[in-house]
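This report concerns only the one structure given below.
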There are 2 protein chains.
Amino acid sequence: MTKDTQKLNSIEKALEIMLKFQDIKPSWGIRELSTELGFSPATVQRILQVLKSYEFVRQNPKNRQYFIGNIFYRFLENLNSSNDLIRIGHKFMEEVASATHETVHLNIIEKNLRICIDNIESPKVLKAGMPIGNQSPLYAGASAKCLLAFSTEEFQDNYFKTTEITPVTGNTIIQPGKLFKELYKIKEQGYALSLGERTPGLGSLSAPVFNYKGQILASLSLAIPEIRLKQKDHLSNCINILTSASKSFSKAMGLGTGKF
Amino acid sequence: MTKDTQKLNSIEKALEIMLKFQDIKPSWGIRELSTELGFSPATVQRILQVLKSYEFVRQNPKNRQYFIGNIFYRFLENLNSSNDLIRIGHKFMEEVASATHETVHLNIIEKNLRICIDNIESPKVLKAGMPIGNQSPLYAGASAKCLLAFSTEEFQDNYFKTTEITPVTGNTIIQPGKLFKELYKIKEQGYALSLGERTPGLGSLSAPVFNYKGQILASLSLAIPEIRLKQKDHLSNCINILTSASKSFSKAMGLGTGKF
DNA sequence: AACACTGTTTTATGATATGAAACAGTGGGG
DNA sequence: CCCCACTGTTTCATATCATAAAACAGTGTT
């Protein structure tokens, strides 16, 4: 999992430990982290004490296990306000939300994963949830495939070289040939469509957002329950609204203005 | 701001630097952080290189300034799923949302600040936004005052000893006497109400959530535009729905069950 | 009561973080 | 146009600080 371990300085060790608290896992023990990371229990213990004093982790006083601290919420406000994508993009998301009444979300690539960085939930009773922070591999679901499809060839090559493809649901495309074809198709038609690749019964529609250089920044997506996705007129309506919004969004990010 | 500085080990220095990226500030320079924290520029530089390699910060290649990294989004999924409050409470939030059609949010205290950890936005056109990660001091706004009012006396004493009260808007209560009276009133009536203390034109309604020991865990709140808050029937309706939901929520967290 | 687990503290040793100073770019103003 | 003042970055000898093994101290189970 982690690199050659050992030979890391103390800060790197602390960060490696913090990264472990990304996993959806209620808590970690010291010896557990120790064997997982290859650091001695004494080292893990000492680092966790420091992280605890800064509230990056908390400790259950009963079983003394460590779990993630609420301090991470504190970074979100700055993250959102320094992020042009969210600042500029939210109004396009609102347009799509009010025109489709479906859950709208915005996604980026972070360390080989799709991650949701902004959302507007559908007002309907039957709706798709897509909380901020939700993540998935880049081959499962329209939003993820859209990000991958419009990435550079270099990024794609590197991604497939370093990633093992394992199905998330029965509908996940795992055959490399079929996946390449799908990515090609997405680039051709300018949007991605998926059904149940990540969550059974849940479909997804996604269009790319580019910067002034034409590099992909994000994917703007709709998460739609299967029942509504199968209504042809609703689907084609959603496709039109979404692709049109993503084009305006890209323009707002500088695409086509020749700005440098 | 920070403690005695110096005499910190390298991990603590790295964390102090990370904390600086909580501030709503687009970017930091090395010498800027150096003078702010009292570390030598060389030290700041070296630590930022490490943080950068782990994507905790990014660097603008043009002006070489550092800004916060997207990796912080990655912790949210685990944070949400390890947090009983969100797992258990979201359904109560949905009840309140569909009964009031106003923006519902859930808040906790983290390091002497109120911080929003979950939300459901109003479906109306004129609505209050309250993104996850939004923060404010504990004396401004209903959600914050509610958290403070039901905190232990010890916490309150310590809070007022270490906090300087500065107005956020013209409506913020800054007179200690008036504030104490307000906190007492909130405890008496079981909910908090505010108008424009944090954002002009925006009102707020908040009720406490307790654990089995009767300690406050969170405040469940409504953010309501001033125009709708002034409709008496709507307001009293919202108060009833919110306080009733917060009581069910507390019960779901174990209050009154005698469970240990 | 003995065992097999935890998390935690201690310790001498040697690796590694440190700040001053020098270096290397950059942008603005006279 | 050139200087100056400001960046971020690298170097390097010094001494601090992180390290892992082992002992310690709790805990729950058998």
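Chain letters run A, B, ... following the sequence lines, proteins first and then strands; every chain starts at 1.
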Length of the CD-C1' vector between B/Glu12 and D/dA18, whole Å: 13 Å
Distance check needed: C/dT16 P versus A/Ile11 CD1, whole Å only. 13 Å
Rounded to whole Å, please give me the gap between CD in A/Gln49 and C1' in C/dG7. 9 Å
Full working for side chain to side chain contact (heavy atoms under 4.5 Å, CB included) between B/Ser34 and B/Leu37: CA-CA 5 Å; B/Ser34 165; B/Leu37 292 166; over 6 Å; no
Figure out the CG/C1' separation between B/Asn9 and C/dA15, and round it to whole Å. 16 Å
Could you tell me if the ring centre of B/Phe210 sits under 6.0 Å from that of B/Phe249? no
Please give me every residue in residues 22-30 of chain B whose heavy atoms get under 4.0 Å of an atom in DNA chain D, ordered by residue number. B/Gly29, B/Ile30
Between B/Leu19 and B/Lys111 the two heavy atoms that sit nearest each other are CD1-NZ, 4.2 Å
Residues 68-76 of chain A, side-chain donor-acceptor partners within the protein, below 3.5 Å, at least two apart:
residue: A/Tyr73; atom: OH; partner: B/Asn80; partner atom: OD1; Å: 3.2
residue: A/Arg74; atom: NE; partner: B/Gln135; partner atom: OE1; Å: 2.7

Among all residues two or more places apart in sequence or in another chain, which pass the ring pair (Phe, Tyr, Trp, His ring centres under 6.0 Å) test with B/Tyr66? none
Whole angstrom value for the distance that separates C1' of C/dT8 from CG of A/Leu48: 12 Å
Counting only side-chain heavy atoms from C-beta out, which of D/dG8, D/dA18, C/dT8 sits nearest to B/Gln45? D/dG8
Which atoms of nucleotides 20-28 of chain C (N or O only) lie under 3.5 Å from a protein N or O atom, and what are those distances?
none

Go through the steps to decide whether B/Met253 and B/Tyr212 satisfy the test side chain to side chain contact (heavy atoms under 4.5 Å, CB included), and finish with yes or no. CA-CA 7 Å; B/Met253 297 303 292; B/Tyr212 69 95; over 6 Å; no
Heavy-atom pair of closest approach, residues B/Leu147 and B/Ala218: CD2-C, 3.6 Å
Are A/Glu36 and A/Lys20 within salt-bridge range, i.e. N to O under 4.0 Å? yes
Does OP1 or OP2 of D/dT9 have a side-chain N or O of B/Gln59 closer than 4.0 Å? yes
C/dA17 C1' sits how many Å from B/Phe39 CZ, rounded? 13 Å
Could you pull out the closest heavy-atom pair between A/Arg198 and A/Ala140, with the gap in Å? CD-O, 3.6 Å
Tell me, please, which residues at least two apart from B/Phe160 pass ring pair (Phe, Tyr, Trp, His ring centres under 6.0 Å). B/Phe180
Dot-bracket, DNA chain C: Watson-Crick or G-U, under 3.5 angstrom, [ ] crossing, | other strand? ||||||||||||||||||||||||||||||
For C/dG19, does either OP1 or OP2 sit under 4.0 Å from a side-chain N or O belonging to B/Thr43? yes
Residue closer to the 5' end of DNA chain C, B/Ile47 versus A/Gln65 (nearest nucleotide): A/Gln65
Starting from C1' on D/dT27, measure out to CG on A/Asn60 and report it in whole angstrom. 14 Å
Presence of A/Tyr66 side-chain N/O under 4.0 Å of C/dT8 phosphate oxygens OP1/OP2: yes
B/Glu32 near the nucleic acid: base, sugar-phosphate alone, or nothing, with a heavy-atom cut-off under 4.0 Å? nothing
Value in whole Å for how far the C1' atom of C/dA17 lies from NZ of A/Lys13: 13 Å
Verify whether one side chain among A/Ser143 and A/Ser219 offers a donor that lies under 3.5 Å from an acceptor in the other. no
Quick one about B/His105 and B/Asp118 (side-chain donor to acceptor, distance below 3.5 Å, no hydrogens or angles considered), yes or no? no
